[in-house]
Amino acid sequence: MLSLRIPAYIHIERISSMSKELPKTYNPAEVEKRTYEAWESNGCFRGIIDPKKKPYSISMPPPNVTGQLHMGHAVDNTMQDILIRFKRMQGYAALWIPGTDHAAIATEAKIVEAMRQEGLTKADLGRDQFMERAWAWKEKFGNRIVQQLRTLGSSCDWEREHFTMDEQCSKAVLEVFINLYNQKLIYRGNRMVNWCPKCDTSISDAEVEYEEKNGHFWHILYKVKETGEFLEIATTRPETMLGDTAVAINEADPRYKHLHGCHVILPLLNKEIPIVCDEHADMEKGTGVVKITPAHDPNDFEVGGRHNLPMVRCFTYDGHMTGKADVAEYNALKESNRLTEGEPEVLDCGKYAGMTTDEARKAIVADLEALGQLKEIEDLKHDVGTCYRCHSTIEPMISKQWFVRMKSLAEPAVKAAEDGEIQFVPERFTKSYLNWMKNTRDWCISRQLWWGHRIPAWYCDDCGETNVAKTAPCKCAKCGSTNLTQDPDTLDTWFSSALWPFSILGWPDTENPDYKFFYPTSTLVTGYDIIGFWVSRMIFSGLAYTGKAPFSKVVIHGIVRDAQGRKMSKSLGNGIDPLEVIEQYGADALRFMLVQGSSPGNDMRYSEEKILAMRNFTNKIWNASRFLLMNMSIDEIRLPEELALEDKWILSRLNSVIREVTYNLEHFEMGVAAQKIYDFIWSSFCDWYIELAKNRFNGDDAEKKQNVENVLAYVLRDILKLLHPFMPFITEEIYQALPHDKGFLMLQSWPEVRPELSFPEDEARMEKIMEAVKAVRECRSEHKVPNSKKSHITIITANPEEYAEAGDFLARLAGASGVNAVSAEPDDLSGMVTVATADAKLCMPLKELIDVESERARITKDLEKAEKELEFVKAKLANESFISKAPEKVVNDIREREAKITALIQNLRDMLSAL
RNA sequence: GGAGGCAUAGCUCAGCUGGUUAGAGCGCACGGUUCACAUCCGUGAGGUCAAGGGUUCGAGUCCCCUUGUCUCCACCA
């Protein structure tokens with residue numbers, strides 16, 4: 001492909017295709033593709049190290065390499081793009097680094113599934129061939145998600161794109177592993193882990209999801225050896241009874257005091273096991289007797305530890321009952337002295353050996369029943385731990401795994417949030433973060449998968465020594481043997497994503513210019529659903545390895561639900577494909593929908609209605625711009641010396657909007673900011689200013705026309721800048737058609753408040769006239785005066801000179817054929833109908849067109865409302881503590897309001913009596 | 001069991017550090033094709049801001065409590 005560096009302006013000349021011949025409706029698809037390509041090929045997304053600028057950097061939460069763009073990505077990336085575009089325009093050295101995550105379990109599961117379709121298994125292929133396939137898969141689908149992110153308009157630096165398994169990230173992983181191992185913060189041991197028999201791997205506590213399932217309580221009778229009585233024990237997992245090595249009672253339980261030190265006979269196996277006293281046995285629950293299976297239950301594991309009970313494993317790791325072969329394997333290890341501490345014994349389950357755990361459950365229950373030792377079966381709803389990937393039931397198993405010792409790592413991470421070094425937005429998520437961080441247990445980081453970072457540990461086949469090193473050692477450090485075998489396992493996918501904010505900037509090379517300039521990153525944007533998985537691990541990792549919190553602000557957003565408020569899911573089939581939405585309505589409309597009217601950290605709903613409203617908004621901007629450009633002759637924008645009243649009004653309003661939107665964006669209040677821009681564009685600019693400007697814009701006075709063109713273009717240009725972070729495409733497209741300095745809108749500077757363009761008095765005067773316009777419109781509409789029926793309007797007001805411009809405005813907007821403003825009431829009001837504002841009365845000779853009775857009702861209603869308000873205001877002013885304690889401005893405002901309402905009431909009364 | 005969110009117009013939701021008469025979109029009613037836009041314009045109806053209590057000159061906003069609802073964490077023999 002030809003990649004000539006064409007000077008930017010050549011592209012830019014062609015980037016906009018806006019012209020007089022354009023269709024009346026905006027067609028986003030064509031514009032978006034062309035615009036994104038122009039930005040990218042001109043290097044607009046590049047983060048540039050510039051010591052003169054302040055850095056602002058974001059690391060993108062890496063989507064799964066095999067993933068498809070969904071609404072979660074859309075909201076996440078829209079928010080990041082808004083921030084990065086805003087900061088870039090504000091003059092920061094902005095860098096947004098994208099990338100993808102290898103997503104160990106999810107990806108491996110997909111590859112295995114694809115292989116299964118060909119009749120292949122991992123074992124058939126072998127590790128090397130499997131990895132070849134996996135990389136090929138990654139190449140194929142890794143680009144898909146990256147392309148899809150582009151359609152959203154994401155302005156990230158693709159030249160710095162990373163992948164959690166690329167060379168740079170893998171280097172960081174190795175560095176951290178070795179480091180923690182040397183500090184004894186990573187260890188290997190036999191511990192209770194969550195085992196997914198389908199994925200055939202251990203998973204961390206965080207990866208277990210609890211689902212309510214229908215199950216049963218099986219009440220089994222265990223015979224006490226010494227007394228011959230039967231103890232009733234309820235269990236939800238009867239198949240684990242083969243691994244029981246005790247039953248527990250509470251020491252204080254009066255029912256069982258006589259059984260202290262006794263034994264029970266385990267049914268089916270006829271094995272004698274002790275009765276132990278342990279706090280775990282809850283007198284309130286069930287019969288107060290609980291079976292203890294240390295090898296297959298986390299609580300029982302602890303009980304077993306306290307009482308030195310043997311551990312007996314009766315399940316295989318692929319979900320079957322153990323048998324002779326498993327025992328033989330265990331014995332072989334034992335004989336060669338390679339059993340590690342804490343490894344459970346293995347049981348030959350005899351007739352149950354080889355059954356799946358489900359089959360064994362049925363068989364065991366049937367056998368117990370035949371023996372008369374099944375007392376009852378009780379129905380029960382309970383939460384069952386399931387794998388967050390495949391939703392199979394998790395089996396707790398003792399297994400030899402690698403762990404990260406969390407205690408010392410968690411402490412600084414807790415402190416960073418408590419001290420405000422890291423702030424969550426909204427603040428309430430600090431609590432869920434702290435809750436997670438304070439209660440976290442050691443993190444199981446090894447996975448029995450092939451797709452991932454392989455654990456850098458080599459075991460000596462001769463002496464059993466563990467050698468941990470960055471590269472394969474040639475001989476065992478302890479005995480010198482060359483018979484070394486690398487640990488077959490890989491690391492938890494979150495182990496590498498925990499390092500993401502600094503590994504992508506070059507760490508552990510702390511001299512890397514990117515790392516030096518952009519680290520720590522500024523803002524992290526992500527959903528509340530992965531605070532525990534990811535955010536907290538990045539925080540403790542950053543603090544531990546780089547000595548700095550990896551970011552200072554964590555902006556949390558909610559999830560996008562469907563129109564009924566349900567979570568979007570594959571199984572429900574209610575997911576909305578953002579790509580389809582973009583194709584149909586444009587990325588700008590989707591982006592705006594995702595932020596407008598949403599509040600930080602709260603879930604939001606997708607609805608056709610909302611996206612249509614946003615599509616209409618893009619169309620509104622398009623048409624307003626099209627209208628202005630069609631009739632515009634200026635080729636540079638320069639505000640005129642002479643500003644008309646309405647010019648001052650819109651410029652003054654613009655200042656307010658700039659100030660407020662900037663403030664809102666700096667405080668991550670994107671929803672509010674979007675709403676303000678929307679209102680300013682649609683209501684202030686289109687409905688009022690453009691309509692008012694038409695008098696000059698379409699008029700014959702060349703000088704006036706040029707003046708108003710300049711104001712229109714000036715305001716429009718700032719509007720485009722304000723809107724650009726939210727709707728990058730349409731704003732760029734229109735900007736290119738406006739008279740402008742050569743360059744892209746996305747690289748222009750953010751609008752600033754200009755105090756010399758604030759005109760509070762003119763704003764107020766303009767608003768009085770607008771009140772008058774609205775009052776006339778209301779009256780005409782109420783009485784269905786046809787638009788074609790124009791009428792003269794007499795404005796009666798104390799200060800007629802304040803209504804100098806009202807004639808033009810009322811003519812254009814309120815059906816006036818002529819206007820005069822006077823201070824004294826005309827003598828003859830017959831045939832006139834009057835409307836009132838607080839500042840003026842407006843008389844029109846339309847009495848024959850109105851229904852006097854309904855007009856009287858209308859005025860009376862207004863009057864009542866005003867009188868009620870006056871009462872309220874007067875009470876306030878009569879309140880001494882209000883006068884003395886409230887700020888002066890508030891009191892003055894109320895005083896003004898009193899004057900205003902009093903005047904309005906007077907006007908309304910006059911109108912009533914004149915009817 | 002612990003923590004948190006939400007409850008505002010018919011519907012979906014905004015409302016930032018308490019301060020005029022609580023807003024938007026959609027829907028509804030009425031009127032409108034005057035050459036930017038009917039994906040539009042104008043006008044209107046519709047809310048005791050879930051209930052109760054408190055702090056305050058002033059509460060949709062802060063505190064307490066109740067109810068309903070959703071979510072997360074923990075537990076569940």
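Residue numbers begin at 1 in each chain, while the letters A, B, ... track the order of the sequences.
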Using atom types as modelled, flag every donor-acceptor pair under 3.5 Å from a side chain in residues 868-875 of chain A to any protein atom, sequence neighbours excluded.
unit_1: A:E869; atom_1: OE2; unit_2: A:R897; atom_2: NE; d: 2.6
unit_1: A:E869; atom_1: OE2; unit_2: A:R897; atom_2: NH2; d: 2.8

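- In terms of phosphate contacts, A:R605 brings a side-chain nitrogen or oxygen within less than 4.0 Å of OP1 or OP2 of B:rC13.
- Between A:S633 and A:E709 there is a side-chain heavy-atom pair separated by less than 4.5 Å.
- A:K694 has its side chain out of reach of A:L813: every pair of non-hydrogen atoms, C-beta onward, lies at least 4.5 Å apart.
- Regarding contacts with the backbone of B:rG44, every side-chain N or O of A:K861 stays at 4.0 angstrom or more from both OP1 and OP2.
- Using bins of under 30°, 30° to 60° and over 60° for the plane-to-plane angle, the ring pair A:W682/A:F617 lands in the parallel bin.
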Expected rows: protein N/O vs nucleotides 6-9 of chain B N/O, under 3.5 Å:
none

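- Among residue pairs with one or both ends in residues 594-609 of chain A, those qualifying as salt bridge (charged side-chain N to carboxylate O under 4.0 Å, His left out) are A:R561-A:D603; sequence neighbours excluded.
- Every residue two or more places apart in sequence or in another chain that forms a side chain to side chain donor-acceptor pair (under 3.5 Å) with A:N439 is listed here: A:N435.
- One C1' atom belongs to B:rG47, the other to B:rC30, and the distance between them is 22 Å to the nearest Å.
- Scored by the side-chain contact (heavy atoms from CB on, under 4.5 Å) test, A:I377 finds A:H216, A:W218, A:L374 as partners (sequence neighbours excluded).
- The base of B:rA36 is paired with the side chain of A:E691 by a donor and an acceptor separated by under 3.5 Å.
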Sort me out a list of protein N/O and nucleotides 47-50 of chain B N/O pairs below 3.5 Å, or just none if empty.
none

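- Between A:H296 and A:C314, some side-chain heavy-atom pair lies under the 4.5 Å cut-off.
- Distances shown here put a side-chain N or O of A:K431 below 4.0 Å from the OP1 or OP2 atom of B:rG4.
- Heavy-atom distances under 4.0 Å link RNA chain B to A:R777, A:E778, A:S781, A:K784 of residues 775-784 of chain A, given in residue order.
- Checked against B:rA36, B:rG25, B:rC16, the side chain of A:Y678 finds its nearest nucleotide in B:rG25.
- For RNA chain B, if you chain together Watson-Crick or G-U pairs that step i with j, i+1 with j-1 and so on, the runs of at least three with distances under 3.5 Å are B:1-7 with B:67-73, B:10-13 with B:23-26, B:28-32 with B:40-44, B:52-54 with B:62-64.
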Write out a two-atom table: protein N or O, nucleotide N or O from nucleotides 68-75 of chain B, distance below 3.5 Å.
unit_1: B:rC75; atom_1: N4; unit_2: A:D383; atom_2: OD2; d: 3.4

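- Remark: A:Q423 pairs with A:K553 by the side-chain contact (heavy atoms from CB on, under 4.5 Å) rule, at least two apart or across chains.
- Residue pairs meeting the salt bridge (charged side-chain N to carboxylate O under 4.0 Å, His left out) criterion with at least one partner in residues 659-674 of chain A, sequence neighbours excluded, are A:E660-A:K676.
- Interface remark: the A:K676 side chain does not form any donor-acceptor pair with the B:rA24 base, using a distance-only criterion of under 3.5 Å.
- Remark: A:H219 pairs with A:F217, A:E232, A:A234, A:K375, A:E376, A:E378 by the side-chain contact (heavy atoms from CB on, under 4.5 Å) rule, at least two apart or across chains.
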